[in-house]
Amino acid sequence: MSRYSAREAEPKWQRLWDERRAFAARRDESRPKYYVLEMFPYPSGRIHMGHVRNYTMGDLVARFKRARGYNVLHPMGWDAFGMPAENAAMERGVHPGRWTYENIAAMKGQLRSMGLSLDWSREFATCDPDYYAQQQALFLDFLEAGFVYRRNSMVNWDPVDRTVLANEQVIDGCGWRSGAPVERRELTQWFFRISDMAGELLEAIDGLERWPEKVRLMQANWIGRSRGLQFTFETVGAPEGFGRLEVYTTRPDTLMGASFAAVSPDHPLARALEAERPEVAAFCAECRRMGTSEEALETAEKKGLDTGLEVIHPLDPEWRLPVWIANFVLMDYGTGAIFGVPAHDQRDLDFARKYGLEVIDCYVAGGSDARVADVAFVPPKTERVRYVALHTGNGVMTGEEAIDAAIAHAEREGYGRGVAKFRLRDWGISRQRYWGCPIPVVHCGACGVVPVAKADLPVKLPEDVDFSAPGNPLDRHAGWSRTTCPRCGAEARRETDTMDTFVDSSWYYARFTAPDARTPTRVADADYWMNVDQYIGGVEHAILHLLYSRFFARAMHRTGHLPAKSEEPFDALFTQGMVCHETYRAPDGAWIAPEHVVKGEDGAVRHAETGVELAVGPSVKMSKSKRNTIDPEAIIAEYGADTARWFMLSDSPPERDVEWTTAGVEGAWRHLQRVWRLAGEAEIAPAGTEPEDGEAALALRRATHAAIEGVTTDIEAFGFNKAVARLYEFTNAIAKAGGAGIGGARREAFEVLARLMAPMVPHFAEELWARLGHRTPLVDLAWPEADRALLARERIVLPVQVNGKKRGEIEVEPGSDAAAVEALALESPDVARHLGDRPPKRVIVVPGRIVNVVV
RNA sequence: GCCCGGAUGGUGGAACGGUAGACACGAGGGUCUCAAAAACCCUUGCCGCAAGGCGUGCGAGUUCGAGUCUCGCUCCGGGCACCA
């Protein structure tokens, strides 16, 4: 009995698909289009199992939709700018461009070996000058349209390497290479005005019906619309120009409990005091010895400094509050200044206890007289509590009502106004790095910031760069940065910042519709192919990448690069789970890669070379740092791409994490072999034979058509693991189908099996299809249709419960009425046994599902 | 710290509020074989000889009926604006 050989079959079918240009997408108004896109990879050098999972799912969707008659666009490219290329340049002296393109070549070969139905003719890398030229053109259009501006903002500064660090490069507050404590430093940087679109980006989330609810929630919370009170404190003793202090609060109902005001160390008032007073300067410097990440700021120990200044409470001119500088006040949110209410906010309470500030209770839960001690009482927004406060009025009301009352009071008395604010901040895109898209502007001493003329694009990265010192090589590159002003012709300096790589990935989906266009997009192609019908990627991109893309699509529409329908570019989104693996650790703490691990008969896990016993850790996301990765190339070489694909789709639901196990892969391999063997052993009628209508043949035909129905439904609902389970059941049904004279039904069954498996294991399905005697490939065949007549159930077994516990079963005719079912159930001996002589109080009949007898 | 998820047999998981454990892995027993592998057949949530009882992270609640809904926890994971 011959085995199925993936090694022979897979390259053969890949070649055939290539020769037929089976997956090249062309505009065709006669068919509905379907654009399926997986998040494009960063060219790190090798594909990993996360890619295999992502692209297997996307390919399944693409092939399925093709079979269902859609004109499918399924492109692939490379998110090719980024820090790892610069790190490689610093560590190994290889040019980032060369490193990147070599990685792309290697990874493309690996992706090709997976047999994906990709249109490679549309491939591009974001570091291709053709791509970033168009990105620069977009930038200039955005600049003209007012979506871009410059302002100062904070970066992580490594004082030893004298370079800007990414948050990832800040480890425990220190630079990853120098080890020096990181400081916050202010730089002038470029920003996109995404916050101007906060309201519409938030409202449009409602229309994203085919996005996961969790992603919509995360985006909504990220944009974070809040309603609150903005008002002004009169200051006492402040430096010139700081007579008033603007604050914003989402809980104006607690204003009567205020006992201090606090400003961010980056607030202009703090800056002014810093210039005059050494102790303030020392404190602010200490606060800045910390990264810029919100996590670092929020989890840091709360510290403050009393400035000695005071503000006047808006409800009582005699009431003075001390002004502190506090490290937990964020300059980027609200006004960078707050008032503290220790009794009704836990963070304020901790701060007040630490520094001996007053704690003023003024609202109490449930009308009790309990005083706040170590736990602040936060008045709930939707439950009623007793308020005793001048500005809200006394009474029992919800937090929401009290906030409304407080805002109304402020507006009536004239000390403040109700405002809506968003948490969303403008998108800073300046990066002080080489391997990114140059920002196409020039700094002229006379004219200021001047855009480069579109005719002069692209502003290309220089090839000759020096990575021997930290910092931005563009900055040091005298020749490249020296230029002339496009406006006045005087000597000028190029902008040496490059763009955030999130910019590159914010519009690549649009570029795929016309990758050769001499403008960012081409109207006819964008109109035809957009939107992305199904976008698939990791949930780790749920906020930033997707939000930036939504912003970009809107800005591209307003600058004439995308149609109005594409303001939301992704019609449906699916976020897949991660690929995990067990971790192994030697006694010395070193992580050991799975290929160096052997599992003994005794259950012990040992290092293959040294024999030392290893500790087995939990299954976590595959990562280089824990060395728990499995190389897809090795798996494909050993088992074939189809086995890897089948395993990726089996068992775990696509949205959940999946654990890679050797046993699972072998199970997948065995299943393909089993199908192959069955097709060789079974008595199958010649091609073209009609299925028989005998009892045994009909039973198999019912299984066949139930499989079509079930697999189709499951694929459409992204229930790939369930579709695979149904295919197992179907295979078992074929194997069990007995008797002579069912050769035609068997033919139908195997043909359907091949066609249903095709989107998942395309090479195997082609090979099986050919083995069944077909000369034309499966790739262009339509999806099978289930015969409704074969799907009807013949008899129905209903479970019968007594008091909610299953006690027996009854068999009923389909379509029996409730009274008949009830009578049958009460006659059942199982029910009688549990009823005894008690009469039933109630009988619940759910037609077609269940009977429950209540006594 | 804040936002969002998740938790079901030895394992991955299935289950319109309606028979908990489909399907698969593993394990045990058997068939075939000189033997092994492969393959095939049977068993397999836990306790119990059985009758039966108990079971979906923990604690409450709603319901004729809860893995599923509500509230309160625990643990694990993702994101937190310069990783991609």
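Numbered from 1 within each chain, the chains take letters A, B, ... in sequence-line order.
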query: Between B:A81, B:C23, B:G1, which nucleotide gets closest to the side-chain atoms of A:Leu544?
result: B:A81
query: Looking at B:C82, does its base get a donor-acceptor pair with the side chain of A:Asn167 below 3.5 Å?
result: no
field: Nearest to side-chain heavy atoms of A:Glu540, which nucleotide of B:A81, B:A84, B:A38
entry: B:A84
- line: Checking B:G5, B:C82, B:C23 against the side chain of A:Leu217 (C-beta onward), the nearest is B:G5
- prompt: Within the structure shown, what part of the strands sits under 4.0 Å from A:Val854 by heavy-atom distance: base, sugar-phosphate, or nothing?
  reply: sugar-phosphate
- request: Describe the nucleic acid contact of A:Ile543 in one word from base, sugar-phosphate, nothing, applying a heavy-atom distance below 4.0 Å.
  value: sugar-phosphate
- prompt: Looking for any heavy atom pair under 4.0 Å, which part of the strands does A:Asp79 touch: base, sugar-phosphate only, or nothing?
  reply: sugar-phosphate
- request: Starting at atom CG of A:Asp714, determine the distance to atom C1' of B:G13, rounded to an integer number of angstrom.
  value: 14 Å
message: If I take atom CD1 in residue A:Ile223 and atom C1' in nucleotide B:C4, what distance separates them, rounded to the nearest angstrom?
response: 15 Å
- prompt: Where the side chain of A:Glu298 is concerned, which of B:A22, B:G79, B:G1 is the nearest nucleotide?
  reply: B:G1
- prompt: If you check the A:Arg849 side chain, which of B:U19, B:G77, B:C82 turns out closest?
  reply: B:U19
message: Taking the C1' atom in each of B:G9 and B:C54, what is the distance between them to the nearest angstrom?
response: 14 Å
message: Need one value for A:Pro653: base, sugar-phosphate or nothing, where a base atom within 4.0 Å counts as base even if backbone is also close, heavy atoms only.
response: sugar-phosphate
- prompt: A:Val853 near the nucleic acid: base, sugar-phosphate alone, or nothing, with a heavy-atom cut-off under 4.0 Å?
  reply: nothing
- prompt: Do A:Trp507 and A:Tyr131 have ring centroids that are under 6.0 Å from one another?
  reply: yes
query: Do the side chain of A:Asn327 and the main chain of A:Cys287 share a donor and acceptor less than 3.5 angstrom apart?
result: no
Closest listed nucleotide, where the reference is the side chain of A:Gln801 and the choices are B:G13, B:A24, B:G18: B:G18
Taking distance alone, no hydrogens or angles, what donor-acceptor pairs closer than 3.5 Å link side-chain atoms of residues 842-853 of chain A to residues at least two apart or in another chain?
from: A:Asn852; atom 1: OD1; to: A:Gly804; atom 2: N; distance (Å): 3.0

field: Residue among A:Arg347, A:Gln346, A:Lys354, A:Arg353 satisfying side chain to side chain donor-acceptor pair (under 3.5 Å) with A:Asp350
entry: A:Gln346
task: Could you tell me whether A:Gly224 contacts a base, only the sugar-phosphate backbone, or nothing, with contacts defined as non-hydrogen atoms closer than 4.0 Å?
output: nothing
message: Base, sugar-phosphate or nothing for A:Ser430? Non-hydrogen atoms, less than 4.0 Å.
response: base
Pair assignment for RNA chain B - dot-bracket with | for other-strand partners, Watson-Crick or G-U under 3.5 Å: (((((((..(((.....[....)))((((((.......))))))(((....)))..(((((..]....))))))))))))....
- request: Check the distance between B:G1's C1' and A:Lys302's NZ and give it to me in whole angstrom.
  value: 6 Å
- request: Could you tell me whether the side chains of A:Asp158 and A:Ser178 share a donor-acceptor contact shorter than 3.5 Å?
  value: yes
message: Using a distance-only criterion (donor-acceptor N/O pair, under 3.5 Å, no hydrogens), is the base of B:C4 paired with the side chain of A:Glu213?
response: no
A:Asp332: partners by salt bridge (Lys or Arg N to Asp or Glu O under 4.0 Å), with sequence neighbours left out: A:Arg425
query: Do any N or O atoms from the side chain of A:Gln432 and from the backbone of A:Asn472 form a donor-acceptor pair under 3.5 angstrom?
result: no
- request: For A:Arg423, report the nucleic acid contact type (base, sugar-phosphate, nothing); a contact means any heavy atom under 4.0 Å.
  value: base
- prompt: Within the structure shown, what part of the strands sits under 4.0 Å from A:Val170 by heavy-atom distance: base, sugar-phosphate, or nothing?
  reply: nothing
statement: The nucleotide from B:A38, B:C4, B:U19 with an atom nearest the side chain of A:Arg3 is B:A38
- request: Using the C1' atom on both, measure B:A66 against B:U56 and round to a whole Å.
  value: 10 Å
query: Starting at the 5' end of RNA chain B, which residue's closest nucleotide do you reach first, A:Lys736 or A:Tyr728?
result: A:Tyr728
query: How is A:Lys722 classified with respect to the nucleic acid when contacts are heavy atoms under 4.0 Å: base, sugar-phosphate, or nothing?
result: sugar-phosphate
message: Anti or syn, where syn is a glycosidic angle within 90° of 0; which label fits B:G5?
response: anti
- request: Considering only NZ, NE, NH1 and NH2 on the basic side and carboxylate oxygens on the acidic side, decide whether A:Arg216 and A:Glu213 come within less than 4.0 Å.
  value: yes
statement: With the side chain defined as heavy atoms from C-beta on, A:Met218 is closest, among B:C4, B:A84, B:C82, to B:C4
- prompt: When we call it a touch if two heavy atoms are under 4.0 Å apart, what does A:His545 touch: a base, just sugar-phosphate, or nothing?
  reply: nothing
message: Using whole Å, what does the distance between atom C1' of nucleotide B:C25 and atom CZ of A:Phe647 come to?
response: 10 Å
Distance in angstrom units between A:Ile429 CD1 and B:A84 P, rounded: 14 Å
field: For atom CE of A:Met107 and atom P of B:A84, their distance in whole Å
entry: 14 Å
query: With respect to the side chain of A:Tyr42, which nucleotide from B:A84, B:G18, B:A81 is positioned closest?
result: B:A84
Sugar-phosphate only, base, or nothing, as touched by A:Ala663 at under 4.0 Å among non-hydrogen atoms: sugar-phosphate
Name the pairs: protein N/O against N/O of nucleotides 8-12 of chain B, kept only if under 3.5 Å.
from: B:G12; atom 1: O2'; to: A:Ser652; atom 2: OG; distance (Å): 3.0
from: B:G12; atom 1: N2; to: A:Asp651; atom 2: OD1; distance (Å): 2.9

query: Salt bridge or not for A:Glu86 and A:Arg431, using N-O below 4.0 Å?
result: no
Between A:Tyr132 and A:Thr498: side-chain donor-acceptor atoms closer than 3.5 Å: no
Do any side-chain atoms of residues 165-176 of chain A form donor-acceptor pairs under 3.5 angstrom with protein atoms, and if so which ones, sequence neighbours left out?
from: A:Asn167; atom 1: OD1; to: A:Asn156; atom 2: ND2; distance (Å): 2.8
from: A:Asn167; atom 1: OD1; to: A:Thr292; atom 2: OG1; distance (Å): 3.2
from: A:Gln169; atom 1: OE1; to: A:Ala166; atom 2: N; distance (Å): 2.8

query: With a 3.5 Å cut-off and just heavy-atom distances, do the side chain of A:Gln432 and the base of B:C82 make a donor-acceptor pair?
result: yes
task: Side chain of A:Thr299 only, please: which of B:G1, B:A84, B:G53 is the nearest?
output: B:G1
query: When all nucleic acid strands are considered with a 4.0 Å heavy-atom cut-off, which category describes A:Asn732: base, sugar-phosphate, or nothing?
result: sugar-phosphate
For A:Phe40, the option from A:Tyr55, A:Tyr508, A:Trp78 that meets ring-ring contact (aromatic ring centres under 6.0 Å, His included): A:Tyr508
field: Whichever of A:Gly667 and A:Phe81 has its nearest RNA chain B nucleotide further upstream toward 5'
entry: A:Gly667
message: Using a 4.0 Å heavy-atom cut-off, does A:Gly664 contact any base of the nucleic acid, only the sugar-phosphate backbone, or nothing at all?
response: nothing
- prompt: Quick one: A:Ile850 CD1 to B:A66 P, roughly how many Å, whole number?
  reply: 11 Å
- prompt: What residues, two or more places apart in sequence or in another chain, satisfy salt bridge (Lys or Arg N to Asp or Glu O under 4.0 Å) together with A:Arg177?
  reply: A:Glu91
- line: Whole-Å distance, A:Glu822 CD to B:C64 P, equals 17 Å
